[in-house]
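What follows is a single structure, written as structure tokens, with notes after it.
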Amino acid sequence: MGGSIPIYWGAPNVELYIPESVYIDARRFPSSKELVDLLLKLDEPTCQQYILEGGKFLESDQGRRFTYENVAIEVMNLFNAFLKKESKC
């Protein structure tokens, strides 16, 4: 995350995986202008809170699931399982 505040626009169930205190959900704004207006009005303490919460999340067990290393391991596990299944055919 590197000291940034993620602006999320994606899957509707993201809050099942990532706490809402970590990102700004762009889907909650009726227009891009309203999202930009909010971003321009963020004060320093609010920005720092997002960054703090993001850091806590990334250090948690739940957050570690989303590291590049862990995603690579998951992909390799799926690939190996596929290869084992194919070799039995």
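Heads up: numbering here begins at 1 and tracks the sequence.
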Main-chain N/O of Met76 paired with Asn80 side-chain donor or acceptor, under 3.5 Å: yes
Between Pro30 and Glu34 the two heavy atoms that sit nearest each other are CG-OE2, 3.3 Å
ILVMFWY cluster, Leu42 and Ile7 together (side-chain gap under 4.5 Å): yes
If every non-hydrogen atom of Tyr17 is compared with every non-hydrogen atom of Arg65, which pair is closest and at what distance? CD2-NH1, 3.8 Å
For residues Glu20 and Arg28, determine if any side-chain heavy atom of one lies less than 4.5 Å from a side-chain heavy atom of the other. yes
Hydrophobic cluster identity match, Ile18 and Leu58, side-chain contacts under 4.5 Å: yes
Distance check, rounded to the nearest 0.5 Å: Tyr23 atom OH versus Tyr50 atom OH? 9.5 Å
Quick one: do the Thr46 and Asp43 side chains pair a donor with an acceptor below 3.5 Å? yes
Quick one: does any side-chain atom of Arg27 pair with a main-chain N or O of Ala11 as donor and acceptor, under 3.5 Å? yes
Hydrophobic clustering (ILVMFWY, side-chain heavy atoms < 4.5 Å, transitive) - are Phe79 and Val71 grouped together? no
Could you tell me whether the side chain of Tyr8 reaches within less than 4.5 Å of the side chain of Glu15, counting heavy atoms only? no
Side-chain contact test, heavy atoms from C-beta onward, threshold under 4.5 Å: evaluate it for Leu52 versus Lys56 and give yes or no. yes
Is Lys33 salt-bridged to Asp37, cutoff N-O under 4.0 Å? yes
Flag yes if Ile51 and Leu39 sit in one hydrophobic cluster, no otherwise; membership is Ile, Leu, Val, Met, Phe, Trp, Tyr, and two members link when side-chain heavy atoms are under 4.5 Å apart. yes
Any non-hydrogen side-chain atom of Ile5 less than 4.5 Å from a side-chain atom of Val22? no
Does any non-hydrogen side-chain atom of Ile24 lie less than 4.5 Å from one of Phe29? yes
Any side-chain heavy atom of Trp9 within less than 4.5 Å of one from Asp25? no
Would you kindly confirm whether Ile73 and Val75 end up in one hydrophobic cluster when ILVMFWY residues are joined by side chain heavy atoms under 4.5 Å apart? no
Has the side chain of Arg64 got a donor or acceptor atom that lies under 3.5 Å from a matching backbone atom of Asn70? no
